[in-house]
Amino acid sequence: GTMNLGTITIDGCKCDYANKVFSLTGTTSVSINLGTGNIPCPTTVSGTVVDKTATLNLNITVPGLNQVVTVTFSGARQ
């Protein structure tokens, strides 16, 4: 199925630039509603921006389920 996570903000994201590639890393918390209310889930973020294309990977750890949900986003600026 599909789950809308809404807007995810990564405060204090580390950004490095080398060889025309921006590399991003950071951590945040994402709230997921599994039918029992919102559960805060620790999340790590990594990704790159090359030219106008961004690729982001999120690893969301769901407490109590011992499960990591992996989300991958790729998109280009128009």
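Below, all heavy atoms of this structure are taken into account, side chains as well, without hydrogens, waters or symmetry copies. Residue indices begin at 1 and follow the sequence shown.
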Q: For residues Pro63 and Pro42, determine if any side-chain heavy atom of one lies less than 4.5 Å from a side-chain heavy atom of the other.
A: yes
(Q) If we ignore hydrogens and angles and just use 3.5 Å, is the side chain of Thr43 paired with the main-chain N or O of Cys41 as donor and acceptor? (A) yes
Q. So how far is it from Asn59 CG to Ser46 OG, rounded to the nearest 0.5 Å?
A. 7.0 Å
Q.
Hydrophobic cluster membership, with links at side-chain heavy-atom distances under 4.5 Å among I/L/V/M/F/W/Y: are Val30 and Val68 in one?
A. no
Q) Should the heavy atoms of other residues, nucleotides or ligands under 6.0 Å from CG of Asn38 be counted, would the total exceed 12? A) yes
Q. With no hydrogens and no angle check, do the side chains of Asp16 and Ser23 hold a donor and an acceptor under 3.5 Å apart?
A. no
(Q) I need the Thr27 OG1 to Leu58 CG distance, nearest 0.5 Å. (A) 11.5 Å
Q) Heavy atoms, side chains only, cut-off 4.5 Å: are Leu24 and Val49 in contact? A) yes
Q. For Thr25 and Cys13, which heavy atoms make the closest approach, and how far apart are they?
A. O-SG, 3.3 Å
Q.
Please say yes or no: joined through hydrophobic side-chain contacts below 4.5 Å, possibly via intermediate residues, are Ile32 and Leu65 part of one cluster?
A. yes
